[in-house]
Protein chains: 2
Amino acid sequence: MTTAVAGKKTAGAGKSPSAKGKGGARVTARSQERRELILDAAEELFALHGFDGVTLRQIANQAGVDVALTSYYFGPKLELFDAVLQRRGEILNRARLDALRAAEEEFAPEPPPIEKVIEAFLRPLEIAQETEDRGWRNYCALIAYVNNSPVWGEKMISKHFDKLVREFGDAMHRCFPKASAKQIYWCYHNLSGALSLTFADTGRIDHLSRNACQSHDFQSAYDCMIPFMAAGFREVCGG
Amino acid sequence: MTTAVAGKKTAGAGKSPSAKGKGGARVTARSQERRELILDAAEELFALHGFDGVTLRQIANQAGVDVALTSYYFGPKLELFDAVLQRRGEILNRARLDALRAAEEEFAPEPPPIEKVIEAFLRPLEIAQETEDRGWRNYCALIAYVNNSPVWGEKMISKHFDKLVREFGDAMHRCFPKASAKQIYWCYHNLSGALSLTFADTGRIDHLSRNACQSHDFQSAYDCMIPFMAAGFREVCGG
DNA sequence: GTCTATAGCGAGATAGAC
DNA sequence: GTCTATCTCGCTATAGAC
């Protein structure tokens, strides 16, 4: 079940180290590296300040590349934003889906307990966030921001996540066949909201709780969240 | 328990209809009205696009006043933002606290059931959101945005809400005296996250659920949320 | 493939006329 | 109390030199 979601450098799809004889290989590898640097910087800054709170100059500066390169590689600002969401979104969704399938096979032909479905939704994130590089945490904070935005949530989150969430909605419904779709999706909504706030990692819970909790302690957040959400589902959806 | 949180025009503290003889009264009343118009416009636009996604010109335009007036009344952009948060924050927090006190008195000397504490946290919002004017909904969407922002959440939400949330944290702890502060606050975190996503009103749950749910249907959201969260608290905090 | 230079625009803030 | 006019700054995007 250790679905590989993390890797030191989030593997840029097909690196192709020798991309056509001569000295072109060297240059292309360097380009790929720079693309990743730009994405890393954009990811972090967008997560902190939102789409409009960041300039291409800041991104280029933090990435250590020239401003013009951001446009050269990614086109307009909005397409860079989309590229950031896409990069890790694909990896994450694949890992979540694998985890869900594994849980369902384990208990087939019965549906798995709701805890297992929730875990399949969360566990790949946990693994990703424990990596030493900050990329996944930045990505998650960006998702938190986008998910709670009336304008970005609709167009961007839906584009990258609807297909996956429907799979999980169906799986949850199989756990509680007598529940209505309305009950299932409002319960999912509760899970999604709590998860988003965890991603945001605002540091607020730290001083609210007088340091009993730390907002970067995702492990504790999930340890609480899984039984909490499972109990909520059972209460509302029966079973 | 019908703590008055809503009112057609969210009563600007002390309107003082005759503010010093002559014709000055007329002018002052007009100023107050314009201040409210600016706050209303800022509230809506900040909620949709965030602090950096909105210009003072857009705000003034939507409010139907001159750009220069925004600076004249509220100073720099950031202070306008803060004024927006403050206006309804005070009213809301007072109503929540009243509801909490009422619930505690009802069951004294025992602590009230956790449902009642959660209700005291949510109910004033429900009342506010059912008003015909869109102001409270915009305010809530803005809170959702700010609450999930690593940079604004820390400085702005803490400033306006920490005192109140601590009161609720204490009340929750009295419901589960054997639980640790860590458990209580991670559970509160789950509630806060789900509530934020509800506030955001992104319309996403609508097509995720194929219209089984509507994101503007706060009533249904709360009807699910209260038993869901209560069950979660009991599971994690015991009792 | 990379970077310099700049076009073209619109922002926040304010001085001073009315 | 209000608004016109403007100052100064920084943005995105791109054309063209290297």
Side-chain angles (χ1 to χ4, degrees), chain A residues 12 15-39 41-42 45-46 48-84 152, chain B residues 12 14-43 45-46 48-84 151-152:
Chain A
K15 189 78 105 55
S16 78
S18 64
K20 218 69 177 184
K22 305 188 179 178
R26 183 78 200 291
V27 179
T28 299
R30 184 169 170 76
S31 307
Q32 272 298 335
E33 194 186 324
R34 284 183 161 176
R35 289 176 64 102
E36 296 290 329
L37 284 173
I38 292 169
L39 287 173
L45 292 171
F46 283 143
L48 283 173
H49 305 106
F51 181 78
D52 297 293
V54 176
T55 68
L56 293 176
R57 283 178 155 78
Q58 291 173 296
I59 292 170
N61 196 49
Q62 171 147 337
V65 304
D66 191 273
V67 211
L69 285 184
T70 62
S71 302
Y72 177 70
Y73 287 136
F74 297 99
K77 191 180 178 184
L78 185 61
E79 285 175 31
L80 172 58
F81 190 71
D82 194 63
V84 169
W152 299 106
Chain B
K15 187 81 104 58
S16 77
S18 64
K20 218 69 176 188
K22 305 191 178 177
R26 184 78 201 289
V27 179
T28 299
R30 186 170 169 75
S31 307
Q32 272 299 334
E33 195 186 324
R34 284 184 160 174
R35 290 177 62 101
E36 297 290 329
L37 284 173
I38 292 169
L39 287 174
D40 289 342
E43 190 169 59
L45 291 172
F46 282 143
L48 283 174
H49 305 107
F51 181 78
D52 297 292
V54 175
T55 69
L56 292 177
R57 286 176 156 82
Q58 291 173 294
I59 292 169
N61 197 49
Q62 170 147 337
V65 304
D66 192 272
V67 211
L69 285 185
T70 63
S71 302
Y72 177 68
Y73 287 136
F74 297 101
K77 191 180 179 186
L78 186 60
E79 284 175 32
L80 172 58
F81 190 72
D82 194 63
V84 170
V151 48
W152 299 104

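Just so it is clear, the structure is predicted and the values come from calculations on it, not from any experiment. A, B, ... follow the sequence lines: proteins, then strands. Residue 1 opens every chain.
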Quick one: which of D:dG1, C:dT4, D:dA13 gets closest to the side chain of B:Tyr73? D:dG1
From CG of B:Asp52 over to P of C:dG10, roughly how many Å is that when rounded to an integer? 18 Å
Using only side-chain N and O atoms of A:Ser71, determine if any of them is under 4.0 Å from OP1 or OP2 of D:dT14. no
Could you give the CD1-to-C1' distance, from B:Ile38 to D:dT2, as a whole number of Å? 11 Å
Could you state the CG-C1' distance from B:Asp66 to C:dA13, rounded to the nearest angstrom? 13 Å
Rounded distance (Å) that lies between atom C1' of D:dA15 and atom OH of A:Tyr72: 14 Å
Using OP1 and OP2 only, check whether a side-chain N or O of A:Ser31 sits under 4.0 Å from C:dT2. yes
Take the protein atom CG of A:Leu37 and the nucleotide atom P of C:dT2, then report the distance between them rounded to whole Å. 12 Å
Return yes if some donor-acceptor pair links the side-chain N/O of B:Gln58 with the main-chain N/O of B:Thr55 below 3.5 Å, else return no. yes
In whole Å, I'd like the distance from the CG atom of A:Leu45 to the P atom of D:dC11. 13 Å
Given C:dT14, D:dT14, C:dA11, identify the nucleotide with an atom nearest to the side chain of B:Ala68. C:dT14
Shortest non-hydrogen separation from B:Ile59 to B:Leu80 and the atoms involved: CD1-CD2, 4.0 Å
Using atom CZ of B:Phe81 as one end and atom P of C:dG12 as the other, report the distance to the nearest whole Å. 14 Å
Atom CD1 of A:Ile59 to atom C1' of D:dA13: distance rounded to whole Å? 14 Å
Closest to the A:Arg34 side chain, choosing from C:dA11, C:dC3, D:dT2: C:dC3
